[in-house]
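Numbered from 1 within each chain, the chains take letters A, B, ... in sequence-line order. As the structure is a prediction and not an experimental result, all values here were calculated from the model.
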Protein chains: 2
Amino acid sequence: MIEPRKGTGQPTIADVAELAGVSRAIASRALSSEPRPVSADKRERVLKAAQTLGYKPNLLARSLTTKTVNLVAVVVNHIHDLSDLDLFDLLISEIQSIGKQVIFVRVGSSQGIEEFLRNGIAYHVDAALVFSDFADAATVRKMFRNDSVLMLNGMRDAAAPAIIPDELTGITAAVADAAGKGVRTALLVTGRAASAVEQARVAHYRSELQRNEIALAGELRGDYSYQSGRRLAVSPDWKEVDAVFCTSDAMAMGVLDVHRDGVLQTRPKAFRLYGFDDVTLAEYEAYPISSIGYDKSIYIKEILRFLTHPKEFRSGGTLVRVPTYFVARDSS
Amino acid sequence: MIEPRKGTGQPTIADVAELAGVSRAIASRALSSEPRPVSADKRERVLKAAQTLGYKPNLLARSLTTKTVNLVAVVVNHIHDLSDLDLFDLLISEIQSIGKQVIFVRVGSSQGIEEFLRNGIAYHVDAALVFSDFADAATVRKMFRNDSVLMLNGMRDAAAPAIIPDELTGITAAVADAAGKGVRTALLVTGRAASAVEQARVAHYRSELQRNEIALAGELRGDYSYQSGRRLAVSPDWKEVDAVFCTSDAMAMGVLDVHRDGVLQTRPKAFRLYGFDDVTLAEYEAYPISSIGYDKSIYIKEILRFLTHPKEFRSGGTLVRVPTYFVARDSS
DNA sequence: CTGTTAGCGCGTTCAT
DNA sequence: ATGAACGCGCTAACAG
């Protein structure tokens, strides 16, 4: 006896109910994860019928009434930074482990984002995790028509919960390390000035350098990439200093390759070098970059807390800070 | 005059129709991207009403009848390989550019697939791109209840279309390079043996080495990672040979760091070294690994062709091959 | 060209 | 505890 399917050939809950000899409502309850009143034997029959039919609920149809799809949007600029690699794999894995799935939304620029979202399922996600710095919290809430927006890009307002690495502690330690080694002059190699995170980062460096009486000889602007580090290292604006602080490890690697002591020594010839992000790559022998990092698992644990217990975050734009650390390597 | 909303507060197509003074069907047609028969003035009124109401279609509801969601699943093992970084950013960007969105499905193990089958909204996607080698074509089709599955992991059957880099050409060139430099003995450092791609790769190396009369002194199995390269390089099984071929750049980097000539020279002391993948990182000065790669943009263009013109692939499990190249660097 | 109607698959009243 | 009926938002099919 073959079930007569109409559209996609998938069994629906109606098929299950029919096979079990009960009404659709009973089948719905028996299959529900919530405890709903159904007699034991009928529940048994429904479950068995679902089993033999290979029934899988249509979650899109379900979402039509429940208003929830178990989908999370991860909004990023790009995913080609080395530091991303360490983060996203774990993040996706953890999100999946709580029964949700991830839509990756890549927004190279702020242009047309809204339009793009409207034409896709991402528009209906339960929550959005915003790493990209293309938009402020209010815009994102409006875009997703959803208050469940977690800002991870350093941009927040009174209503938006956010998780931000507390970079001051790491930067303080890094600059202290330099000061303790007799550094008196420094150069700052920065990333995109438009980023809120970057602005705060640079401000921290400035104040810490000043506090340690280290003269800031200049700021050179790159784009976080290895190539931009190389470019700046040979630019006419480059200055002779005791230490170079880069706001990304990749830029520090570029600087290192240009200024190695000897053909391929592990440290620069004339200055101490500091990076940022503590990417896995810094474990490679050729790039022992002193760096600042944070515990990714703590960070992600907080993100998951937001997804599973949103109320704890709702009370007036909670701001969670994840501590950073400084790790000294050969480069400094 | 305020529209009386019931649920989410979003205007529905019924609200638009009412305001425009037409039936829901007319509103639906006027708003459709496809050219459907609607009189000019009514279309105008509908569009205007939608405009003033700020109407946005509910794509989940639409998908209920159209059976299409503009969602593409990307199925991966992990995304922590360096070679992934170069690929996925571009892939996501391109998929988004044709109006589809990407749901990332990470299956770290074959067990993860079972887990996925239970939850997962992903089985309503329009297509699945399979990079993970934990599932064969039949399983994936069942997982997604969808025949629109593109195998990119080297595993295919008669029904599944696939795109595979033609690694033989690159390997042939790499081995020829070694032979031309007088290499007579070689070591092969491999990755996970379970992978179909890896098996083919190793087989190619074996036959090419034999053809060039290079003796294969041994095969050491790693896991593609830098650390596994280091580990193998110091293991008791390591042999003195003229050349070492690694099936990933990361392993080659690990081997290089253990066997550098001098403190940090760019080449191994006693042998020529070859990697695989031609990751961007090989452009870093400290790891000039001779490698085998393929044009990512061609590869992705073929994937997009599958998404936009699936019929061209349907005819009996089309197999598309993307050519590989060999690039010589300092390490060999 | 237009409007009415009938689903799509599911959860949820509301009577029984 | 149960099942009929309705609604979610939208589009396809069918009449007019």
Side-chain angles (χ1 to χ4, degrees), chain A residues 3-46 49-50 53-70 118-121 123-124 145, chain B residues 3-46 49-50 53-70 120-121 123-124 145:
Chain A
E3 287 291 327
R5 310 282 160 60
K6 351 202 167 160
T8 57
Q10 321 272 339
T12 75
I13 200 170
D15 296 322
V16 174
E18 186 181 347
L19 180 58
V22 299
S23 73
R24 297 209 325 272
I26 292 295
S28 173
R29 287 177 192 139
L31 263 17
S32 171
S33 56
E34 308 288 309
R36 300 217 191 284
V38 186
S39 71
D41 67 321
K42 295 207 172 182
R43 153 168 286 128
E44 197 62 31
R45 274 156 51 200
V46 169
L53 251 41
Y55 167 76
K56 297 289 186 312
N58 181 332
L59 286 92
L60 262 43
R62 172 184 293 172
S63 72
L64 210 50
T65 61
T66 63
K67 307 292 181 194
T68 167
V69 282
N70 277 344
R118 265 183 218 132
N119 295 330
I121 293 297
Y123 192 61
H124 300 278
R145 303 192 163 207
Chain B
E3 288 292 326
R5 311 281 160 60
K6 349 198 169 165
T8 58
Q10 318 275 338
T12 76
I13 200 169
D15 297 322
V16 175
E18 186 182 345
L19 180 58
V22 298
S23 73
R24 299 209 321 272
I26 291 295
S28 173
R29 287 174 193 141
L31 262 18
S32 169
S33 58
E34 307 290 307
R36 301 216 192 284
V38 187
S39 70
D41 67 322
K42 297 209 173 185
R43 171 187 302 272
E44 197 63 31
R45 275 154 52 200
V46 169
L53 253 39
Y55 166 77
K56 303 293 181 311
N58 182 332
L59 284 91
L60 272 66
R62 173 182 295 171
S63 74
L64 211 51
T65 63
T66 61
K67 306 293 182 193
T68 166
V69 283
N70 278 344
I121 194 156
Y123 49 70
H124 295 283
R145 309 194 156 205

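Nearest nucleotide to the side chain of A:T66, out of C:dG11, D:dT2, D:dG9: C:dG11. Of the candidate nucleotides D:dC10, C:dG3, C:dT2, D:dC10 has the atom lying nearest to any side-chain atom of B:A61. With D:dC10, C:dC10, C:dT2 as the choices, the nucleotide that has an atom nearest any side-chain atom of B:P57 turns out to be D:dC10.
Residue A:D41 contributes atom CG, which lies 12 Å from atom C1' of D:dT2 at whole-angstrom precision. Look at CG on A:L59: it is 11 Å from C1' on C:dG9, rounded to the nearest Å. Put simply, CG on B:D15 is 9 Å from P on D:dG9, counting in whole angstrom units. We find that NZ of A:K42 is positioned 8 Å from C1' of D:dA1, with the value rounded to whole Å. C:dC8 atom C1' lies 4 Å from atom CG of B:L64, rounded to whole Å. A straight line from CG of B:N58 to C1' of D:dC8 spans 9 Å, rounded to a whole angstrom. Distance A:E34 CD to C:dT12 C1': 13 Å, rounded to the nearest Å. In this structure, the NE2 atom of A:H124 is 10 Å from the C1' atom of D:dG9, given to the nearest Å.
If you run side chain to side chain contact (heavy atoms under 4.5 Å, CB included) between B:Y55 and each of B:D15, B:V46, B:I13, B:L19, only B:I13 comes through.
Note on B:R62: every side-chain N or O is 4.0 Å or more away from OP1 and OP2 of D:dG9. In this structure, A:S39 reaches the D:dT2 phosphate: one of its side-chain N or O atoms is under 4.0 Å from OP1 or OP2. Contact annotation: A:K67 side-chain N/O to C:dT12 OP1/OP2 distance is not under 4.0 Å.
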(request) Please lay out, stage by stage, how A:N58 and A:Q10 fare under the test side chain to side chain contact (heavy atoms under 4.5 Å, CB included). (result) CA-CA 9 Å; A:N58 181 332; A:Q10 321 272 339; over 6 Å; no
(request) Go through B:I26 and B:V38 one step at a time and tell me if the side chain to side chain contact (heavy atoms under 4.5 Å, CB included) criterion holds. (result) CA-CA 7 Å; B:I26 291 295; B:V38 187; 4.1 Å; yes
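Note that CG of A:L60 is 10.0 Å distant from NZ of B:K67, once rounded to the nearest 0.5 Å. Note: A:R45 CZ to A:S39 OG = 7.5 Å, rounded to the nearest 0.5 Å.
Residue A:S28 is classed as a base contact, given a heavy-atom separation below 4.0 Å to a base.
Place B:T65 and B:A25 on DNA chain C by their nearest nucleotides, and B:A25 ends up nearer the 5' end.
For D:dT11, the base has a donor-acceptor partner in the side chain of B:R24 [N/O atoms by modelled type, under 3.5 angstrom]. For C:dG11, the base has no donor-acceptor partner in the side chain of A:R29 [N/O atoms by modelled type, under 3.5 angstrom].
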